Each structure stands twice: as C-alpha cells, then as structure tokens.
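These notes are about the structure you will find just below.
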Amino acid sequence: MDVLSSRVLIHPRDHEVSTAFYRDALGLAIEREFPGGTRFFAGGGSIEVVGTGEAGPGPDVNLFLQVRDLPATLAELAGRGVEPVREARREPWGTDEAWIADPDGLRIVLVEVPEDHPLRRDKR
C-alpha cells in the first residue's frame with residue numbers, strides 16, 4: 001500500500017463548538033474549509049471536523065499529537081482555557097504525555113519524545 005496522505009475525521013455533536021476548539025483553543029492552522037467541514041493541519045496528517053455525530057467518541061480511540069515541548073504546549077493551551085484531564089508524566093515506554101479532551105470528550109494525547117529517546121531522529 002502506498003499511502004499518499006492521511007487524515008482523521010471527527011463528526012462532533014456540535015460542529016461550531018468543535019471547529020472553534022480545534023481552530024482557536026488548540027490553534028491549529030486551517031488547511032481547507034468547505035461546506036459542512038474544516039480540515040486542519042496536524043503535522044504530517046490532517047484533522048477534519050465534518051458534519052455532526054450522535055454517539056460521540058469511544059474510550060478506545062485517542063488522537064495522538066506529538067509536540068516539541070510539552071510543558072510549553074500545556075502552558076500555551078492553559079492560556080486559551082484548555083486544561084489537562086491528566087497531567088504530564090513520563091510513560092514506561094519513555095515518552096512524556098499529557099491528556100486533554102475535545103468538546104465531545106475525545107481524548108487527545110499530547111506527546112513529547114525526549115531528546116535521549118530512541119525514537120528521536122530530529123536533532124533540532
């Protein structure tokens with residue numbers, strides 16, 4: 001399989017509230033707007049808030065967003081009113097993670113790969 005691009009589609013209960021969350025609270029840049037949806041840049045992929053949903057997210061699905069500096073990201077988000085649902089901590093597998101949630105309760109895992117972690121390839 002030759003994957004050319006990827007995106008996650010989120011069907012929120014309240015489209016306007018969720019679009020505002022991803023745009024304003026998280027500060028994600030808009031990749032594309034179209035009738036009934038907004039696609040946001042999210043590193044090497046996209047997050048698309050589209051239409052509306054009924055059931056909401058399940059506990060077995062998480063959105064992982066890798067960030068360069070987790071404490072700085074959490075401080076930036078706190079300034080926009082986004083508080084963690086689980087504070088940052090070092091996981092047994094060596095990454096630093098904190099959890100936030102979107103307006104429907106979708107768990108968003110913010111991940112920082114420490115400089116000395118084997119996954120780290122970008123030495124910037």
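Remember, it's a predicted structure, so these values are computed and weren't measured experimentally. In this chain, residues are counted from 1 in sequence order.
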What pair of heavy atoms forms the shortest contact from E31 to F41, and how long is it?
-> CA-CE1, 3.4 Å
Are side-chain heavy atoms of V49 and P12 found at a separation under 4.5 Å?
-> yes
Atom OG of S18 and atom CG of D102: how far apart are they, to the nearest 0.5 Å?
-> 5.5 Å
Just by modelled atom types, is the V50 backbone N or O under 3.5 Å from a matching donor or acceptor in the H11 side chain?
-> yes
About how many Å separate OG1 of T52 and CG of D14, when rounded to the nearest 0.5 Å?
-> 9.5 Å
T95 and E97 side chains, donor-acceptor separation under 3.5 Å = yes
How long is the gap from OG1 on T38 to NE2 on H15, to the nearest 0.5 Å?
-> 5.0 Å
Say you draw a straight line from CD of E87 to CG of L70; how long is it, rounded to the nearest 0.5 Å?
-> 10.0 Å
Exercise answer: donor-acceptor pairs, residues 76-83 side-chain atoms, under 3.5 Å, sequence neighbours excluded:
residue: E76; atom: OE2; partner: R80; partner atom: NH1; Å: 3.2
residue: E76; atom: OE2; partner: R80; partner atom: NH2; Å: 2.8
residue: R80; atom: NH1; partner: A25; partner atom: O; Å: 3.2
residue: R80; atom: NH1; partner: L26; partner atom: O; Å: 3.2

Cluster link F64 to I100, ILVMFWY, side chain under 4.5 Å = no
Can you name the salt bridge (charged side-chain N to carboxylate O under 4.0 Å, His left out) partners of R32, sequence neighbours left out?
-> none
Considering all heavy atoms of both residues, which atom of R90 and which atom of P114 are nearest to each other, and what is their separation?
-> NH2-CG, 3.5 Å
For the residue pair L110 and W99, establish whether any side-chain heavy-atom pair is separated by less than 4.5 Å.
-> no
Locate the shortest heavy-atom distance separating Q66 from V113; write the atom from each residue and the value.
-> NE2-CG2, 3.5 Å
Heavy-atom distance under 4.5 Å between the side chains of I47 and L65, does that happen here?
-> yes
Does V8 share a hydrophobic cluster with L28, counting links as ILVMFWY side-chain heavy atoms below 4.5 Å and allowing steps through other members?
-> yes
Backbone N/O of E112 and side chain of D96: donor-acceptor pair under 3.5 Å | no
Minimal non-hydrogen separation, S6 against G44, with atom names | OG-O, 4.4 Å
Same apolar cluster (I L V M F W Y, side chains within < 4.5 Å links), V109/V67 = no
Side-chain heavy atoms of F21 within contact of I108, under 4.5 Å = yes
Separation between OG of S46 and CG of L9, rounded to the nearest 0.5 Å = 10.0 Å
Looking at CD1 of I30 and CZ of R39, how far apart are the two atoms once the value is rounded to the nearest 0.5 Å?
-> 12.5 Å
Following the transitive rule for hydrophobic clusters with a side-chain heavy-atom cut-off under 4.5 Å over Ile, Leu, Val, Met, Phe, Trp and Tyr, establish whether I10 and V85 coincide in one cluster.
-> no
